[in-house]
Participant: 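There's a structure below that I have some questions on.
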Amino acid sequence: MAQVQLTVNGRAISRDVEPRTLLVHLLRDALGLTGTHVGCDTSQCGACTVHMDGRGVKSCTVLAMQADGSTVTTIEGLSTDGSHALQRAFKEEHGLQCGFCTPGMIMSAADLLARNANPTEHEIREALEGNLCRCTGYHNIVKAVQTAARTMQNA
Ligand code: FES
Ligand code: FES
């Protein structure tokens with residue numbers, strides 16, 4: 001066991017973890033942040049995407065020990081009440097069906113919009129190419145990101 005200390009959604013966290021514990025399992029199992037989903041555990045689906053030190057990462061590819069000292073934001077930390085422009089746009093544009101991929105999609109999109117406030121459709125598709133939607137709702141997902149980008153620019 002080793003102790004890791006990190007900031008998750010603005011809260012300082014200290015936990016003992018096994019050397020092989022993945023960040024996604026620390027978030028879900030130890031911290032109860034089950035909005036971060038596990039679709040594959042092998043870096044294929046993007047359902048586990050969170051922000052680590054301000055950049056989107058697939059949290060199944062990061063050991064909890066590698067996150068020591070970092071700042072992590074999960075979907076629960078994007079807004080406390082679902083009021084973030086991306087969360088609202090995914091609802092308005094029907095960008096979610098079963099919702100399994102949605103937290104990862106939104107966290108990847110938030111990473112994109114933080115770096116590029118006015119992305120083209122191609123740039124959105126490129127930024128989300130590591131996120132799979134088994135409901136194949138890609139068209140509305142892209143529309144939702146475009147809507148959120150407009151809302152955020154006008155805010
Ligand atoms: Fe991490 Fe699928 S669970 S990429
Ligand atoms: Fe079902 Fe994307 S909405 S997996």
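Keep in mind it's a predicted model, so treat the numbers as computed, not measured. Counting starts at 1 for both ligands and their atoms, following the listed order.
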Participant: Rounded at 0.5 Å granularity, tell me how far CZ in F90 sits from CD1 in I106.
Facilitator: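 Nearest 0.5 Å value for the CZ-CD1 distance: 5.0 Å.
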Participant: To the nearest 10 degrees, calculate the angle at atom 2 (Fe) of ligand 1 involving SG of C40 and SG of C45.
Facilitator: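 Centred on atom 2 (Fe) of ligand 1, the SG/SG angle is 110° (to 10°).
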Participant: Listing residue and atom name, which protein N/O/S atoms are closer to atom 1 (Fe) of ligand 2 than 2.8 Å?
Facilitator: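 Checking every protein N, O and S atom gives C98 SG, C135 SG.
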Participant: If we count only N and O atoms by modelled type, under 3.5 Å, do the side chains of Q87 and S79 hold a donor and an acceptor together?
Facilitator: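 Yes, side-chain donor-acceptor contact under 3.5 Å.
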Participant: Show the atoms of ligand 1 that are less than 4.0 angstrom away from any heavy atom in Q44.
Facilitator: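 Those qualifying, in numeric order: 4 (S).
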Participant: Got a sec, which residues hit side-chain contact (heavy atoms from CB on, under 4.5 Å) with A110, two or more places apart in sequence or on another chain?
Facilitator: H51, L78, L86
Participant: Is there a donor-acceptor pair under 3.5 Å between the side chain of E92 and the backbone N or O of A89?
Facilitator: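 A pair under 3.5 Å: no.
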Participant: For ligand 1, which atoms, with element, lie under 4.0 Å from some heavy atom of S43?
Facilitator: 4 (S)
Participant: Under a 4.5 Å side-chain heavy-atom rule over Ile, Leu, Val, Met, Phe, Trp and Tyr, are L63 and V8 clustered together?
Facilitator: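 No, separate clusters.
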Participant: For ligand 1, which atoms sit closer than 4.0 Å to a heavy atom of C60?
Facilitator: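 Counting from 1, the qualifying ligand atoms are 1 (Fe), 3 (S), 4 (S).
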Participant: When you look at CE of M65, are more than 12 heavy atoms from neighbouring residues, nucleotides or ligands closer to it than 6.0 Å?
Facilitator: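 No, because the 6.0 Å sphere around CE of M65 holds 12 heavy atoms or fewer from other groups.
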Participant: Determine whether L33 and F100 fall in the same hydrophobic cluster, where Ile, Leu, Val, Met, Phe, Trp and Tyr are linked whenever their side-chain heavy atoms lie under 4.5 Å apart.
Facilitator: no
Participant: In ligand 1, which numbered atoms sit nearer than 4.0 Å to a non-hydrogen atom of G39?
Facilitator: 3 (S)
Participant: Salt-bridged, R125 to E121, with N to O below 4.0 Å?
Facilitator: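 Salt bridge present between R125 and E121.
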Participant: Would you kindly specify which portion of T61 sits under 4.0 Å from ligand 1, judged on non-hydrogen atoms: side chain, backbone, both or neither?
Facilitator: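 The answer is neither; T61 stays 4.0 Å or more away.
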Participant: Examine L27 and M107 and state if one hydrophobic cluster contains both, with Ile, Leu, Val, Met, Phe, Trp and Tyr joined whenever side-chain heavy atoms are less than 4.5 Å apart.
Facilitator: no
Participant: In terms of residue, atom name and distance, what is the protein heavy atom nearest to atom 4 (S) of ligand 1?
Facilitator: G46 N, 3.1 Å
Participant: Which ligand 1 atoms are under 4.0 Å away from a heavy-atom of C48?
Facilitator: 1 (Fe), 3 (S), 4 (S)
Participant: Examine V17 and V72 and state if one hydrophobic cluster contains both, with Ile, Leu, Val, Met, Phe, Trp and Tyr joined whenever side-chain heavy atoms are less than 4.5 Å apart.
Facilitator: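 Looking at the clustering, V72 is in the same group as V17.
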